[in-house]
Amino acid sequence: MAKKSLIEREKKRQKLEQKYHLIRRSPQKERRKARSLSEKWEIQAKLEALPRNSAPTRLRRRCFLTGRPRANYRDFGLSRHVLREMVHEGLLPGATRSSW
């Protein structure tokens, strides 16, 4: 189980990212269209003025149940440990244990 503070910090980042999503997207489009270097610097300054935690690259995908930050399956939103246990118990329809 991940520390509660880390999980809460991640939730805070998700809220900030949702809040600033559209605000962050418009300067990025402008930056692609900008011709001169000075224009690009001005647009970059606008982006740098936004909070760092509002950037989508700062988000970390975590397990829905345990909060584990590594070895997550996107389809299920679970870490490999929880996914394995649920498959063994038959809680995930269509997923079977591998055997060879």
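- Atoms OH and CG, from Tyr20 and Leu47 in turn, are 13.0 Å apart once rounded to the nearest 0.5 Å.
- Considering only residues two or more places apart in sequence or on other chains, Glu8 meets the salt bridge (Lys or Arg N to Asp or Glu O under 4.0 Å) condition with Lys11.
- Cluster partners of Leu92, using a side-chain heavy-atom cutoff of under 4.5 Å among ILVMFWY residues and allowing indirect links, are Phe64, Leu65, Tyr73, Phe76, Leu78, Val82, Leu83, Met86, Val87, Leu91.
- For the atom pair CZ (Arg35) and NZ (Lys40), the distance works out to 9.5 Å, reported to the nearest 0.5 Å.
- Clustering of Ile, Leu, Val, Met, Phe, Trp and Tyr by side-chain heavy atoms under 4.5 Å joins Leu6 with none of the others.
- Between atom CG of residue Leu59 and atom CZ of residue Arg13 there is a gap of 8.0 Å, rounded to the nearest 0.5 Å.
- Partners of Glu17 according to the salt bridge (Lys or Arg N to Asp or Glu O under 4.0 Å) rule, which considers only residues two or more places apart in sequence or in another chain, do not exist here.
- Note that the NZ atom of Lys12 and the OG atom of Ser5 stand 12.0 Å from one another [nearest 0.5 Å].
- Looking at every heavy atom in both residues, Arg58 comes nearest to Glu10 through O-OE2, 4.4 Å.
- Listed by chain and residue number, Ile43, Lys46 satisfy the side chain to side chain contact (heavy atoms under 4.5 Å, CB included) test with Glu30 (two or more places apart in sequence, or in another chain).
- Formation of a donor-acceptor pair under 3.5 Å by the Arg60 side chain with backbone atoms of Pro69 is found in this model.
- In plain terms, the two heavy atoms of Arg61 and Arg74 that are nearest each other are NH1-NE, 3.3 Å.
- By the salt bridge (Lys or Arg N to Asp or Glu O under 4.0 Å) test, Arg24 is found to be paired with no residue, residues two or more places apart in sequence or in another chain being considered.
- Rounded to the nearest 0.5 angstrom, His88 NE2 and Thr96 OG1 are separated by 11.0 Å.
- Residues Thr66 and Ser79 come closest through the heavy atom pair OG1-OG, 4.0 Å.
- Residues Ala2 and Gly67 come closest through the heavy atom pair CB-O, 3.4 Å.
- Ile23 CD1 to Gln28 CD: the interatomic distance, rounded to the nearest 0.5 Å, is 12.5 Å.
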